[in-house]
Amino acid sequence: MSERILLIEDEEKLARMVEMELKYEGYEVEKALNGRSGLDLALSGGFDLVLLDIMLPQLSGMEVLRRLRRESQIPVIMLTARDSVVDKVSGLDSGADDYVTKPFAIEELLARIRAALRSKGGGPAVPLSVGPLVMDVDRHQVTVRGQGVELTKKEFDLLHHLLENKGRVLSREALLDAVWGFDFVGETNSVDVYIRFLRSKLDDAFGLKLIHTVRGVGYVIKEE
Ligand code: CA
């Protein structure tokens, strides 16, 4: 049975786009265009996950979340405006499971949805690892020999994608597509720049050789 997602979002164009993408991925989707009807629907049950915009008419996303949390532990991913740190923090404090910053690449949203549904589905996800490096995706943590490594979001996402494809050589284009999203406008050398960041924080800092360049092709993560 396919999982059911409730999308509470008042920007109709964005809501339609997200709905289409989610349906394409095999989810059932229901939309609410304001906070009030969104909360009613969410409380009526039958959903596996809620995508919740913060700026909503009638009832704000934060208020929807607070009222929903009195009765339900359904996973909630907040859709926040860029750089609205306050929203993110109070959203997570109020019991949101995760947030995605607008504008978002659909691939990123899909990955967050999968992670939220996975952690809900009982049992923690199997951590990704290579050599002494371990990534806990649900906790958004990376450790090397048990020692925490601070990564930016892009660095984390890039490492995540490499780890999911451990031992497989990935082209710059494939990495750009997966990590930056299909609507990315910029230079493909962003990949090289972020690979350099990762190498300095992981390989260099810990005396490892995990991230390998395959000349003329791309990158691969594997044990030495
Ligand atoms: Ca809105």
Side-chain angles (χ1 to χ4, degrees), residues 2-120 137-140 152-154 156-157 160 176-186:
S2 55
E3 285 154 310
R4 300 188 70 219
I5 296 179
L6 173 60
L7 171 61
I8 309 177
E9 167 64 74
D10 63 314
E11 289 165 55
E12 290 192 44
K13 218 172 119 198
L14 177 64
R16 262 203 310 277
M17 186 274 282
V18 172
E19 178 187 28
M20 202 179 71
E21 296 283 353
L22 292 177
K23 284 187 168 162
Y24 182 76
E25 293 294 317
Y27 297 109
E28 276 181 48
V29 183
E30 200 139 343
K31 275 184 314 202
L33 295 171
N34 65 66
R36 174 82 50 195
S37 63
L39 179 64
D40 288 345
L41 268 172
L43 289 174
S44 74
F47 291 97
D48 297 293
L49 181 135
V50 177
L51 293 175
L52 178 59
D53 183 30
I54 288 196
M55 300 287 283
L56 285 171
Q58 295 187 27
L59 210 56
S60 79
M62 217 58 87
E63 193 51 35
V64 170
L65 178 62
R66 269 194 287 270
R67 296 192 194 182
L68 181 60
R69 273 292 171 258
R70 287 182 206 151
E71 305 190 26
S72 162
Q73 284 309 309
I74 184 171
V76 175
I77 299 177
M78 308 288 290
L79 308 175
T80 74
R82 185 176 282 289
D83 295 334
S84 180
V85 177
V86 177
D87 286 349
K88 286 170 198 164
V89 171
S90 43
L92 293 173
D93 279 351
S94 309
D97 296 82
D98 205 349
Y99 60 82
V100 173
T101 305
K102 290 183 193 177
F104 48 80
I106 195 71
E107 285 308 324
E108 181 189 353
L109 180 64
L110 292 171
R112 298 301 179 91
I113 289 172
R114 282 192 296 269
L117 288 171
R118 204 165 52 224
S119 47
K120 167 201 171 223
V137 179
D138 293 338
R139 292 206 171 84
H140 229 257
T152 65
K153 198 181 141 355
K154 269 290 171 266
F156 187 94
D157 291 347
H160 186 197
L176 258 190
D177 217 43
V179 179
W180 277 262
F182 62 83
D183 52 357
F184 176 77
V185 185

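Atoms within a ligand are numbered from 1 in the order they appear, just like the ligands themselves. Excluded from the calculations below are hydrogen atoms, water molecules and symmetry mates; all remaining heavy atoms, backbone and side chain alike, are included.
For E25 (side chain) and Y27 (main-chain N/O), no donor-acceptor pair under 3.5 Å exists by modelled atom type. Side chain of R112 to main chain of Y99: a donor-acceptor pair is present (N/O by atom type, distance under 3.5 Å, no hydrogens or angles).
Here the side chains of L51 and L109 are in contact, with some heavy-atom distance below 4.5 Å.
D53 lies close to the Ca ion (ligand 1), since one of its N, O or S atoms is found at a distance under 3.0 Å. Not one N, O or S atom of E11 sits under 3.0 Å from the Ca ion (ligand 1).
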List the steps, then state whether side chain to side chain contact (heavy atoms under 4.5 Å, CB included) holds for T80 with K102.
CA-CA 6 Å; T80 74; K102 290 183 193 177; over 6 Å; no
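Residue-level check: among N/O/S atoms of D10, OD1 sits closest to the Ca ion (ligand 1).
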